[in-house]
Amino acid sequence: MKKSIVWLASYPKSGNTWTRVFLANYLMNAQQPVPINQVHRFGMGDSIAQAYRMVGGPNIDVTDMNVTLPLRARVLRGIVANNADVNFVKTHNTRVPVFGHTLIPDAVSRSGIYIIRNPLDMLLSYARHFGMTHEATAEAIGRDDNANTPDDHNVWQFLGSWSEHVRSWTQPSAFPVLTLRYEDLLAAPEENFGKLLRHIGITVDDERLARAVRHASFDELTKQESATGFVESSPKSEKFFARGKSDQWKTDLAPAIAKKVKRDHRKVMKKFGYLDE
């Protein structure tokens, strides 16, 4: 069995989709931006319900974790069965076992890209996407049992708390994982997306890199979403791509909520440069 999966991992609303859009544009090397609704071709999700139906049968209950968790290993083996050198797979799952099941098995994993975002800003995007209050979101991302509930299109996604998720993906592992901060991608996109390409083993061409960065800009993404919609958008949110900036929490997040997030995640926030105090 080939170790071909390159995990594109993050807590929800931390830059995973932006990263996949960049990769699609770099790999396609097109003169025009790749349509956002074709990006799934360059990085399938690990929680797509149809993939579980393909290995478990068309009539399985994809909302039952007791059904889907035992099928996960077969779903991942199906991905690597194409014998490709690289298979990009998007995940929001934590990298720790859940109910005795390994979610991110070494046996199929070539490497990983982990995108981390200041939880104070991530919280704003998370709340908007899932139709939650800021208060409820702060509680959710502090719980070890936080998860994305399933529907007809996606099976359970096991997140855990923001801190636990970050620890799980940034601790030593049997396969190399590159951690990139969302804020650094914003500040120096060519430098940091270049690191991503080199980590994967892709030759970096400066002109091609600059063009892919332009084609994945938030101005371009919002323009495309306004024109065509986006298949990954949430029915609970007006749009998927918002401002995409850092430090929005300073004006948009109530001080009491910011204080709770800092208290709950102080150690990890300090480690990754999100707290000076």
Side-chain angles (χ1 to χ4, degrees), residues 7-19 90-96 98 103-104 112-149 156-173 177-189 191-192 195-196 218 234 236-277:
W7 297 100
L8 304 176
S10 71
Y11 213 73
K13 308 309 295 180
S14 297
N16 199 308
T17 300
W18 180 28
T19 301
K90 166 193 172 182
T91 187
H92 290 313
N93 281 296
T94 182
R95 197 169 67 87
V96 296
V98 172
L103 301 181
I104 312 292
I113 307 291
Y114 186 65
I115 310 298
I116 179 176
R117 186 181 187 186
N118 187 334
L120 296 164
D121 282 325
M122 180 275 295
L123 182 153
L124 298 174
S125 295
Y126 189 114
R128 182 175 58 252
H129 184 78
F130 292 107
M132 298 168 62
T133 66
H134 292 171
E135 292 87 348
T137 304
E139 289 288 343
I141 68 172
R143 294 200 317 266
D144 289 340
D145 64 349
N146 190 32
N148 283 347
T149 54
W156 282 92
Q157 297 174 70
F158 301 93
L159 313 178
S161 73
W162 179 83
S163 289
E164 176 56 36
H165 198 278
V166 174
R167 289 192 189 100
S168 77
W169 276 99
T170 58
Q171 66 187 355
S173 68
V177 177
L178 173 67
T179 299
L180 293 171
R181 297 196 327 161
Y182 178 91
E183 295 75 19
D184 296 331
L185 289 169
L186 281 175
E191 175 187 347
N192 287 283
K195 290 179 183 178
L196 181 155
F218 277 87
S234 166
K236 297 179 180 179
S237 178
E238 183 179 345
K239 55 185 178 180
F240 188 94
F241 300 106
R243 285 176 286 176
K245 298 179 180 179
S246 60
D247 288 337
Q248 293 179 51
W249 69 271
K250 292 180 178 179
T251 56
D252 296 359
L253 194 61
I257 299 175
K259 184 177 180 180
K260 173 179 171 51
V261 173
K262 292 177 182 180
R263 183 178 65 247
D264 290 349
H265 306 287
R266 179 170 299 279
K267 287 185 179 180
V268 177
M269 289 181 72
K270 287 194 72 170
K271 180 178 180 179
F272 288 94
Y274 295 128
L275 270 185
D276 296 326
E277 53 196 80

Self-check item: Candidate pair Ile116 and Trp162, rule side-chain contact (heavy atoms from CB on, under 4.5 Å), full reasoning
Solution: CA-CA 10 Å; Ile116 179 176; Trp162 179 83; 4.0 Å; yes
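- The minimum heavy-atom distance between Ala127 and Thr137, with the atom names listed, is CB-OG1, 3.3 Å.
- Classified by interplanar angle (parallel below 30°, tilted 30° to 60°, perpendicular above 60°), the ring pair Phe130/Tyr126 is tilted.
- Lys13 approaches Ser125 most closely through the heavy-atom pair CB-CB, 3.7 Å.
- Residues satisfying the side chain to side chain donor-acceptor pair (under 3.5 Å) criterion with Glu183, sequence neighbours excluded, are Tyr274.
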Quiz item: Do Thr94 and Ser168 pass the side-chain hydrogen bond (donor to acceptor under 3.5 Å, both in side chains) test, and can you show the C-alpha distance, the side-chain angles, and the key distance before you say yes or no?
Solution: CA-CA 6 Å; Thr94 182; Ser168 77; 3.2 Å; yes
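- With rounding to the nearest 0.5 angstrom, the OG1 atom of Thr251 is 8.0 Å from the CG atom of Leu124.
- In this structure, Trp169 and Thr91 approach most closely via the heavy-atom pair CZ2-CG2, 3.8 Å.
- Every salt bridge (Lys or Arg N to Asp or Glu O under 4.0 Å) that Asp247 has, sequence neighbours left out, goes to Lys250.
- The CG atom of Asn146 sits 11.5 Å away from the CZ atom of Phe158 when rounded to the nearest 0.5 Å.
- Residue pairs satisfying the salt bridge (Lys or Arg N to Asp or Glu O under 4.0 Å) criterion with at least one member in residues 132-142, sequence neighbours excluded, are listed as follows: Glu139-Lys260.
- Between Leu123 and Trp249, every side-chain heavy-atom pair lies at or beyond the 4.5 Å cut-off.
- With rounding to the nearest 0.5 angstrom, the CD atom of Gln157 is 6.0 Å from the CG atom of Asn93.
- Contact of the Ile113 side chain with the Trp7 side chain is not registered, since no non-hydrogen atoms from C-beta on lie closer than 4.5 Å.
- Contact record, Tyr11 with Met122: CD2-CE, 3.7 Å, taken as the closest heavy-atom pair.
- Taking both residues in full, the closest heavy atoms of Ala138 and Val261 are given as CB-CG2, 4.2 Å, listed atom of the first, atom of the second, then distance.
- When atom types are taken as modelled, the side chain of Arg95 and the backbone of Gln171 share a donor-acceptor pair closer than 3.5 angstrom.
- Residues Thr179 and Phe272 are in side-chain contact: their nearest non-hydrogen atoms beyond the backbone lie under 4.5 Å apart.
- With sequence neighbours left out, the side chain to side chain donor-acceptor pair (under 3.5 Å) criterion links Asn16 to Ser10, Arg20.
- The side chain to side chain donor-acceptor pair (under 3.5 Å) check on Ser163 picks up His265, with sequence neighbours excluded.
- Atoms NZ and CD1, from Lys262 and Ile257 in turn, are 13.0 Å apart once rounded to the nearest 0.5 Å.
- Scored by the salt bridge (Lys or Arg N to Asp or Glu O under 4.0 Å) test, Arg181 finds Asp184 as partners (sequence neighbours excluded).
- In this structure, the side chains of Leu185 and Ile115 come closer than 4.5 Å at one or more pairs of heavy atoms.
- Within the 4.5 Å cutoff, side-chain heavy atoms of Asn148 are placed close to those of Pro12.
- Here Leu159 contributes atom CG and Asp144 contributes atom CG; the two are 11.5 Å apart, rounded to the nearest 0.5 Å.
- Here the CD-CG distance, from Gln248 to Leu120, works out to 12.0 Å after rounding to the nearest 0.5 Å.
- Contact between His134 and Asp252 at its shortest, heavy atoms only, is CE1-O, 3.5 Å.
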